[in-house]
Amino acid sequence: MAEPVKVLVTGAAGQIAYSLLYNIAKGDVFGKDQPLILVLLDITPMMTVLEGVVMEIRDCALPLVKEVISTDKEDEAFKCIDVAILVGSMPRREGMERKDLLQANVKIFKSQGSALDKYAKKTVKVLVVGNPANTNCLTAMKSAPSIPRENFSCLTRLDHNRARAQIAYRLGVPSNDVKNVVIWGNHSSTQYPDVSHATVKVEEKEKGVFDAIKDDAWLKGDFISTVQQRGAAVIKARKLSSAMSAAKAISDHVRDIWFGTPEGEWVSMGVISDGNTYNIPNDLIYSFPVQIKNKTWSIVGCLPIDDFSCEKMKATAAELVEERDTAAEFLASV
Ligand code: NAX
């Protein structure tokens, strides 16, 4: 049997982790033959809850799980890990300013970035989920200079899956017949869900999504705002934020890093911008279409961009620049 892969999940006592840990433990992410060591990190007041999560993982009696380690200590949690899925973050409380939220998260992700730098394997793959995910990812990346920047990404796969599902639902086709949607930019309401390069299989024929739907007003209007506002709509209905779908999206994202993307297809991921691609400023974690091979992503860099898309891609980049600059002030002072 292969050596176990050591996977850290932070925010492990929270609601996303509750679904995610089961997906990982049963082999949906790293494969059905891959043994695992699961490391669960949460804050000290959550340790009793975490004990319950550990009991449940054991009670699942899943053969791939060789060991479960639960802790509130970062040095223990980040030690020799192969994969870090950083879900835990400071949530927005009522009356909290956006700046205060950013500051609290800079503190968390600076500390976890430093722990990655000190204790993790240099090959570690890091996915940041906790919001504001793009900027938290940038903070962690900057705080871990010994780990390649390309090893960091943030989650926009939930938005990607939501966009795919909206198109599939509208056409009454299975969601895996919709390919190559793109989420550009920030995992926030300024994100730009773009289907101008996407295709769909209708009655055994592959077509462009605009061609298949024949309703440009919807695709450039309600479709975009539905995807942008989907998180808020789920909270309004469920009184809790997306958890099952978030866990599924995290599983999709990490599985694609591990095994690669199918030939001719891309997925959306927040990755470091080098300033040379699609005129997006450098030093941002920006969501692009990426293809993955040998555990390494590359941006799909040659898609034609019309004026409508260009405006929207710039707007979400501007929001990320502002977040980055505010975070940089805090990063220097914490
Ligand atoms: P929960 O509040 O249920 O769980 C969060 C957990 O993180 C808690 O157990 C908390 O104690 C823990 N935590 C806080 N600070 C920590 C630290 N410094 N170290 C370790 N653990 C810490 O939230 P949940 O619904 O699980 O959501 C988690 C995060 O995912 C939130 O920030 C949320 O906004 C974000 N999301 C991001 C998405 C994305 O697409 N990027 C989508 C889903 C989700 O909304």
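Remember, it's 1-based here, ligands and their atoms both numbered in the order they're listed.
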Any salt bridge between [X] and [Y], counting N to O under 4.0 Å?
X      : Y      : result
Lys121 : Asp82  : yes
Lys248 : Asp252 : yes
Arg170 : Asp215 : yes
Lys142 : Asp283 : yes
Asp28  : Lys26  : yes

Specify the protein heavy atom at minimum distance from [atom]: its residue, its atom name, and the distance to 0.1 Å.
atom                    : value
atom 28 (C) of ligand 1 : Val87 O, 3.4 Å
atom 6 (C) of ligand 1  : Gly11 CA, 3.5 Å
atom 38 (C) of ligand 1 : His187 NE2, 3.5 Å
atom 3 (O) of ligand 1  : Gln15 N, 2.9 Å
atom 37 (C) of ligand 1 : Val129 O, 3.1 Å
atom 45 (O) of ligand 1 : Asn131 ND2, 3.9 Å
atom 27 (O) of ligand 1 : Ile16 CD1, 3.4 Å

Within a distance under 4.0 Å of any heavy atom of [X], pick out the atoms of ligand 1 and give their elements.
X      : answer
Ile108 : 18 (N)
Met46  : 9 (O), 11 (O)
Gly88  : 7 (O), 13 (N), 22 (C)

Would you kindly specify which portion of Leu155 sits under 4.0 Å from ligand 1, judged on non-hydrogen atoms: side chain, backbone, both or neither?
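Both parts.
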Indicate, as side chain, backbone, both or neither, the part of Gln112 found under 4.0 angstrom from ligand 1 when only non-hydrogen atoms are considered.
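It is the side chain that gets close, since no backbone atom is under 4.0 Å.
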N/O separation below 3.5 Å, [X] to ligand 1:
X      : answer
Asp42  : yes
Gly130 : no
Ala13  : no
Ala17  : no

How far does SG of Cys154 sit from CG of Leu86, to the nearest 0.5 angstrom?
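Between Cys154 SG and Leu86 CG, I get 11.5 Å after rounding to 0.5 Å.
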Which value, rounded to the nearest 0.5 Å, describes the distance between Thr316 atom OG1 and Asn186 atom CG?
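If I round to the nearest 0.5 Å, the distance is 5.0 Å.
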Can you find a non-hydrogen atom of Ser89 under 4.0 Å from ligand 1?
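Yes; Ser89 lies near enough to ligand 1 that a heavy-atom distance drops under 4.0 Å.
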In this structure, does ligand 1 have an atom that sits under 4.0 Å from one of the heavy atoms of Ala243?
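False for this residue.
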Closest non-hydrogen atom pair, Glu206 against Thr199
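The answer is OE2-OG1, 3.2 Å.
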Provide the closest heavy-atom pair for Ile69 versus Lys6 in the form atom of the first, atom of the second, distance.
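Heavy atoms only, the tightest pair is CD1-CE, 4.3 Å.
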Can the ring centres of Tyr278 and Trp184 be said to be less than 6.0 Å apart?
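When the ring centroids of Tyr278 and Trp184 are compared, they turn out to be within the sub-6.0 Å range.
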Would you say the side chain of Leu36 lies within less than 4.5 Å of the side chain of Pro4, judging by non-hydrogen atoms?
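The answer is no, as the side chains (C-beta and beyond) never meet within the 4.5 Å cut-off.
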